[in-house]
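This is the structure I have questions about; it appears just below.
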Amino acid sequence: GLALFFCNGHVLIDSEKMSKSKGNFLTLEESIDTYSADATRIVCADSGDTLQDANFSREIAGKTILRLTTLLDWATESMAKMAQFRHGDYTFLDNIFHNELSKIVLNAHTAYKRMVYSDALRAAYYDIENLRSQYSILTNGDVHADVIKRILDVQTVILSPIAPHFCEHLWRNVLGNDSLVVEQAWPHPEKEPDPVLLRQYETLQATLRAFRLKLDSVKSPKKKKKKGAQADAPPPKPSRAVAFVAKGYSQWQQEVLKLLQDIELDEQNCPKQKDFMRSIKDAESIKALPKQDLKKAMPFASFMMKEVQSRGPEALELQLPFDEAQMLQDMSEVIKSQLGIEEFQIAAAEEEHPCGADQQRLAAGPGKPQIVFLEKEPATA
């Protein structure tokens, strides 16, 4: 058979080599006595899997106990409220988070098979913790019982290889199962995660993050202070917003994207061709562009390749595989709540708008809506 060896570097304590003279020498037995077996296992899994030195952080070990306690309290409270949670058909958000959970299960399985336990822990512990938090926030607490129960069941099973004692207690004493968690099969999803739902969740989260950052800049504009001048009063709080959504890219942008789609990428989504920008510039379709578009083409190409490095080749799609405007319309109440505004309007980026804001409107692209915050309209006499 094939013999496999998996190696690590040295073990550090709080990023320093263990030394009795420094007082940072810690045995496994001492760690278990201080932090518990499962907290120790979690920190070990989190410390690293490569040939680099693994760092055992005592601060993280202490925080892990608190996180496990928080998870236990949430699971206990959720089981007690299960009958009060929403039942029936799934909503758009239910489907999105159900789908995200399936992706996490696959990520954890891949990490365990590769023995990359830091990645397995990230999926089974941190990613699910973030997922349930976002689910509660975006639904304003109106969660579906089946989604919550699946989150509980899945996390207990896929975290159990790393935290077996805690998960066994959770499985039997909180979730009320008669069997042992170590006897459970891996919770493979019934079907592969829906790529469109994955894109919708990614786009929704990125959009909400961009909207919040824009609101912060509106509420706290950066201004150069003149010497001896009094500080300006804070700007009025916006009460409404318009989001410009683009159905597609302009013709010159499409020409650039088509050329970028032909560029071969490496595993890090970086162009293998070092002088790829020159090939874009020399392309006949780019040379044929009107002068006002030509001067924007290369900066746009550079920006989109940065997007490719962070998001992958999908950043070069000419259109999204879903109706972005309808998604934002469906999420309008959530958006108003998160931004603290009274009115939220969605407008087509291809059409002029009464509020003006042509710069923001023309900057919108698929998956990159642009938002404009406005004060409350004065009452008419």
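Values below: all heavy atoms of this structure, side chains included; hydrogens, waters and symmetry mates excluded.
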- [ ] Would you check if the side chain of Asn99 reaches a backbone N or O of Pro193 as a donor-acceptor pair within less than 3.5 Å?
- [x]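 Not confirmed, Asn99 side chain does not pair with Pro193 backbone.
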
- [ ] Supply the atom-to-atom distance Phe244 CZ to Glu351 CD, rounded to the nearest 0.5 angstrom.
- [x] 10.5 Å

Open item on the list: Just verifying a value: how many Å separate Gln309 CD and Asp266 CG, rounded to the nearest 0.5 Å?
Closed with: 8.5 Å

- [ ] Without swapping roles, check the side chain of Ser36 against the backbone of Ile32 for a donor-acceptor pair under 3.5 Å.
- [x] no

Task: Heavy-atom donor-acceptor pair, Ser160 side chain to Val157 backbone, under 3.5 Å - done: yes

TODO: Measure from the side-chain N and O atoms of Arg172 to the backbone N and O of Asp178, and report whether any donor-acceptor pair falls under 3.5 Å.
DONE: yes

Open item on the list: Looking at Gln254, I'd like to know if its CD atom is crowded, meaning that more than 12 non-hydrogen atoms belonging to other residues, nucleotides or ligands lie closer than 6.0 Å.
Closed with: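 Yes.
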
Task: Check: Tyr90 and Phe97 side chains under 4.5 Å, non-hydrogen atoms - done: no

Open item on the list: If hydrophobic clusters are built from ILVMFWY residues whose side chains come within less than 4.5 Å, do Leu170 and Ile42 share one?
Closed with: yes

Open item on the list: For Leu72, is there any backbone N or O sitting under 3.5 Å from a side-chain donor or acceptor partner on Thr76?
Closed with: yes

Task: Interatomic distance, Lys296 atom NZ to Ser250 atom OG [nearest 0.5 angstrom] - done: 7.0 Å

- [ ] Using modelled atom types only, decide if a donor and an acceptor are shared between the side chain of Arg41 and the backbone of Pro161 within a distance under 3.5 Å.
- [x] yes

Open item on the list: Between Asp46 and Ser118, is there a side-chain donor-acceptor contact under 3.5 Å, judged purely by atom types and distance?
Closed with: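 Judged by distance alone, the side chains do not pair up.
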
- [ ] Considering only NZ, NE, NH1 and NH2 on the basic side and carboxylate oxygens on the acidic side, decide whether Arg58 and Asp14 come within less than 4.0 Å.
- [x] yes

Task: Over 12 non-hydrogen atoms of neighbours within 6.0 angstrom of NZ in Lys336 - done: yes

Task: Side-chain donor-acceptor contact under 3.5 Å, Ser102 with Arg150 - done: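 Yes - a donor-acceptor pair under 3.5 Å links their side chains.
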
Task: Donor-acceptor pair between Gln338 and Arg212 side chains, under 3.5 angstrom - done: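 Arg212 and Gln338 do have a side-chain donor-acceptor pair below 3.5 Å.
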
Task: Backbone N/O of Ser15 and side chain of Asn55: donor-acceptor pair under 3.5 Å - done: yes

Open item on the list: With side chain to side chain contact (heavy atoms under 4.5 Å, CB included) as the criterion, how do Gln359 and Gln370 come out once you've worked through the C-alpha distance, each side chain's angles and the decisive distance to 0.1 Å?
Closed with: CA-CA 10 Å; Gln359 183 178 356; Gln370 299 296 310; over 6 Å; no

- [ ] Decide side chain to side chain contact (heavy atoms under 4.5 Å, CB included) for Trp74 and Ile151; before the verdict, give the C-alpha distance in whole Å, the side-chain angles of both, and the deciding distance to 0.1 Å.
- [x] CA-CA 12 Å; Trp74 177 79; Ile151 289 174; 4.1 Å; yes

Open item on the list: So that I can tick it off, tell me whether Glu59 and Lys63 are bridged by a salt bridge, with the cut-off set at under 4.0 angstrom between side-chain N and carboxylate O.
Closed with: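 Salt bridge: yes.
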
Open item on the list: If the threshold is 4.0 Å, N to carboxylate O, is there a salt bridge linking Asp142 and Arg86?
Closed with: yes

Task: Pair Ser279, Asp282: side-chain N/O donor-acceptor within cut-off below 3.5 Å - done: no

Task: Cluster link Leu320 to Phe92, ILVMFWY, side chain under 4.5 Å - done: yes

Task: Parallel, tilted or perpendicular, as decided by the 30° and 60° cut-offs, for the rings of His144 and His87 - done: tilted

Task: Side chain to side chain, Ile371 and Phe344, heavy atoms closer than 4.5 Å - done: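 Side chain of Ile371 against side chain of Phe344, heavy atoms only: contact under 4.5 Å found.
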
Open item on the list: Tell me whether the count of non-hydrogen atoms from other residues, nucleotides or ligands lying under 6.0 Å of CD in Gln273 goes above 12.
Closed with: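 Yes, because the 6.0 Å sphere around CD of Gln273 holds more than 12 heavy atoms from other groups.
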
Task: Sequence neighbours excluded - side chain to side chain donor-acceptor pair (under 3.5 Å) pairs with any residue from residues 316-328 - done: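 Listed once each, the pairs are Arg199-Glu317, Gln326-Asp330.
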
Task: Donor-acceptor pair between Asp38 and His165 side chains, under 3.5 angstrom - done: yes

TODO: Group every Ile, Leu, Val, Met, Phe, Trp and Tyr by side-chain heavy-atom contacts under 4.5 Å, then state whether Leu198 and Val147 land in the same group.
DONE: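 No, no single cluster joins them.
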
Open item on the list: I'd like to know if Lys237 pairs up with Glu375 as an ion pair, taking the criterion as any Lys NZ or Arg NE/NH1/NH2 lying under 4.0 Å from an Asp or Glu carboxylate oxygen.
Closed with: no

Open item on the list: Between Asp119 and Arg122, does any side-chain N to carboxylate O distance fall below 4.0 Å?
Closed with: yes

TODO: Could you pull out all residues at least two apart from Tyr201 that satisfy side-chain hydrogen bond (donor to acceptor under 3.5 Å, both in side chains)?
DONE: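 Tyr201: side-chain hydrogen bond (donor to acceptor under 3.5 Å, both in side chains) contacts with Gln205.
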
Open item on the list: Per the side chain to side chain donor-acceptor pair (under 3.5 Å) rule, what does the pair list look like for residues 184-195, sequence neighbours excluded?
Closed with: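 Qualifying pairs: Ser179-Gln184.
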
Task: side chain to side chain contact (heavy atoms under 4.5 Å, CB included) evaluation trace for Phe373 with Lys219 - done: CA-CA 10 Å; Phe373 290 98; Lys219 293 166 68 175; over 6 Å; no

TODO: Can you measure from CE (Met331) to CG (Leu208) and round to the nearest 0.5 angstrom?
DONE: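 Here the rounded value is 6.5 Å.
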
Open item on the list: Test side chain to side chain contact (heavy atoms under 4.5 Å, CB included) on Leu12 and Lys17; report intermediate values, then the result.
Closed with: CA-CA 5 Å; Leu12 307 179; Lys17 290 183 179 180; 3.8 Å; yes

Task: Hphob cluster co-occupancy, Ile137 + Leu213, side-chain heavy atoms under 4.5 angstrom - done: no

Task: Side-chain donor or acceptor of Thr156 paired with backbone N/O of Leu152 under 3.5 Å - done: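 Yes.
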
Open item on the list: Any side-chain to backbone donor/acceptor pair from Ser136 onto Ser133? Under 3.5 Å, distance only.
Closed with: no

Open item on the list: When you compare the side chain of Ile96 with that of Gln200, does any pair of heavy atoms fall below 4.5 Å?
Closed with: yes

Open item on the list: Within this structure, what is the CD-CH2 distance for the pair Gln155 and Trp171, rounded to the nearest 0.5 Å?
Closed with: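 The CD atom of Gln155 sits 12.5 Å away from the CH2 atom of Trp171.
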
Open item on the list: Tell me whether Ser47 contacts the main-chain N or O of Cys44 through its side chain, where contact means a donor paired with an acceptor under 3.5 Å.
Closed with: yes

Task: Salt bridge flag under 4.0 Å for residues Lys149 and Asp146 - done: no

Task: Path from Leu362 to Leu294 over hydrophobic side-chain contacts below 4.5 Å - done: no

TODO: Compare all side-chain heavy atoms of Thr64 with those of Tyr35 and state whether any distance is below 4.5 angstrom.
DONE: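 Of all side-chain heavy-atom pairs linking Tyr35 with Thr64, none is under 4.5 Å.
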
Task: Interatomic distance, Asn177 atom CG to Glu168 atom CD [nearest 0.5 angstrom] - done: 9.5 Å

